[in-house]
Protein chains: 2
Amino acid sequence: MRHRSVTDSAPQMTEATFQALADPTRRAVLDLLRRGSQAAGQIAIAFPVSRPAISKHLRLLRRAHLVSEHREGRHRVYELNPEPLRAVDSWIEQYRIFWTNSLNSLKAFVEAEHARETQLASDKASQRKHK
Amino acid sequence: MRHRSVTDSAPQMTEATFQALADPTRRAVLDLLRRGSQAAGQIAIAFPVSRPAISKHLRLLRRAHLVSEHREGRHRVYELNPEPLRAVDSWIEQYRIFWTNSLNSLKAFVEAEHARETQLASDKASQRKHK
DNA sequence: ATGATGCGTAACCGTACAGTTACATGAATG
DNA sequence: CATTCATGTAACTGTACGGTTACGCATCAT
């Protein structure tokens, strides 16, 4: 069912991606890198936290393969790698239909469809109402 | 610039959303709820962890407004609320262009465009190459 | 060589999470 | 009313962050 791209080899990778995106500073770093590659120090001065803090964020982003790093003299230039974000995009893709349609109407439909097979106690609970 | 929906009042909300999505179990709960609303116990038996663990996950999902809960007899029925995911979608929207185009070519373009104003040390670093 | 620059890492601290077991509470049921 | 069922919460534990300061180590400049 699931179509898997070449670079998205392991679902474990997706794990690291979502986790890396959990921090607002790291998302901001990615947003910054969208404008172009930057050296670590340059990235750090754009944030109110200390430089080692950014260094650790970059380590996590590296671990998630969301950035790549290459040395240039004594600089470490970081480059955005948007590839892992495809997995996030395809995950959220399955939810996009919920707000592109009339929002709750579709969900109500699916809910009613699966109601008789998955639910078992809720109908009994509704019976007790007209005691 | 940014268009803000009614329910996405604060950018702080987006914070909670991304953080809630960081855990694979919570994402799986949402995936499950996509098939229809479920009681807490029913959700719990679908996972290898204990029921209180799921209860805490549900609390986080509630805090992020990704699910809504209503009592039905002695059951707590949880319902998916995809609304906060719109913020995630619009965030990743800005990255979608990176893989819809010829991947790195666009990024190289943007990088070159902003190079002269944002960069300051890298050109000096490249100058030292042809000493 | 000496020193300044750029950057990562170690050590440390506080907090939040993910999991557990044990307990409390409210609703259905006999 | 006692009991079972459904669920949340408290208490506790281990681990991983996110932040700091101090340090180590290359690399460039003099």
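Throughout, protein chains are lettered first and strands after them, A, B, ... in sequence-line order, and every chain is numbered starting at 1. Worth saying up front: this structure is predicted, and the values here are computed from it rather than measured. Every heavy atom of this structure was used, including side-chain atoms; hydrogens, water molecules and symmetry mates were not.
The CD atom of E15(A) sits 13 Å away from the C1' atom of dC17(C) (whole-angstrom rounding). Atom pair E69(B):CD and dG8(D):P shows a separation of 7 Å (rounding to whole Å applied). The interatomic distance linking H70(A) (NE2) with dT27(D) (P) rounds to 15 Å, in whole Å. One atom, CZ of R76(A), and another, C1' of dG24(D), lie 12 Å apart when rounded to the nearest Å. For R62(B) and dC17(C), the CZ to P distance is 14 Å, given to the nearest whole Å. Atom-to-atom, CG of D23(A) to P of dA16(D) comes out at 17 Å; the value is rounded to the nearest Å. To the nearest angstrom, P of dT27(D) lies 14 Å from CD of E72(A). Between R59(A) atom CZ and dC7(C) atom C1' there is a gap of 12 Å when expressed in whole angstrom units.
The side chain of Q19(B) contributes an N or O atom lying less than 4.0 Å from OP1 or OP2 of dC17(C). When the side-chain nitrogen and oxygen atoms of H57(B) are compared with OP1 and OP2 of dG19(C), one or more of them lie within a distance under 4.0 Å. The phosphate of dG18(D) has OP1 or OP2 within less than 4.0 Å of a side-chain N or O from R26(A). Distances shown here put a side-chain N or O of S50(B) below 4.0 Å from the OP1 or OP2 atom of dT20(C). Note on R63(B): a side-chain N or O is less than 4.0 Å away from OP1 or OP2 of dC17(C).
Remark: R34(B) is not positioned above the aromatic ring of F98(A), lacking an NZ or CZ atom under 6.0 angstrom from the ring centre and at most 45 degrees off the axis.
Distances were taken from every side-chain heavy atom of R74(A) (C-beta onward) to each of dA22(D), dA29(D), dT7(D); the shortest belongs to dA29(D). Which of dT5(C), dG18(D), dA18(C) sits closest to the side chain of L60(A) comes down to dG18(D). For H75(A), counting side-chain heavy atoms from C-beta on, the closest listed nucleotide (dT21(D), dT7(D), dG6(C)) is dG6(C).
Electrostatic pairing of E15(B) and R27(A) counts as a salt bridge here, judged by a charged N lying under 4.0 Å from a carboxylate O.
For Y95(A) and W91(A), the gap between ring centers is short of 6.0 Å.
Y78(A) pairs with exactly one of R62(A), Q42(A), E69(A) by the side chain to side chain donor-acceptor pair (under 3.5 Å) rule, that one being R62(A).
Nearest-nucleotide mapping onto DNA chain D: of R71(A) and P48(A), the residue sitting toward the 5' end is P48(A). Sequence order on DNA chain C of the closest nucleotides to S55(A) and I54(B) puts S55(A) first from the 5' end.
Between the side chain of R51(A) and the base of dG8(C), at least one donor-acceptor pair of N or O atoms lies under 3.5 Å. Residue K56(B) places a side-chain atom within donor-acceptor reach of the base of dG19(C), judged by atom type and a 3.5 Å distance cut-off alone.
Counting non-hydrogen atoms under 4.0 angstrom, A40(A) reaches the backbone sugars and phosphates but no base. As judged by a 4.0 angstrom heavy-atom cut-off over every strand, Y78(A) is placed among residues touching the sugar-phosphate backbone only.
Here the side chain of N81(B) pairs no donor or acceptor atom with the backbone of S68(B) at under 3.5 angstrom.
Here the shortest heavy-atom pairing between Q94(B) and D31(A) reads OE1-OD1, 4.4 Å.
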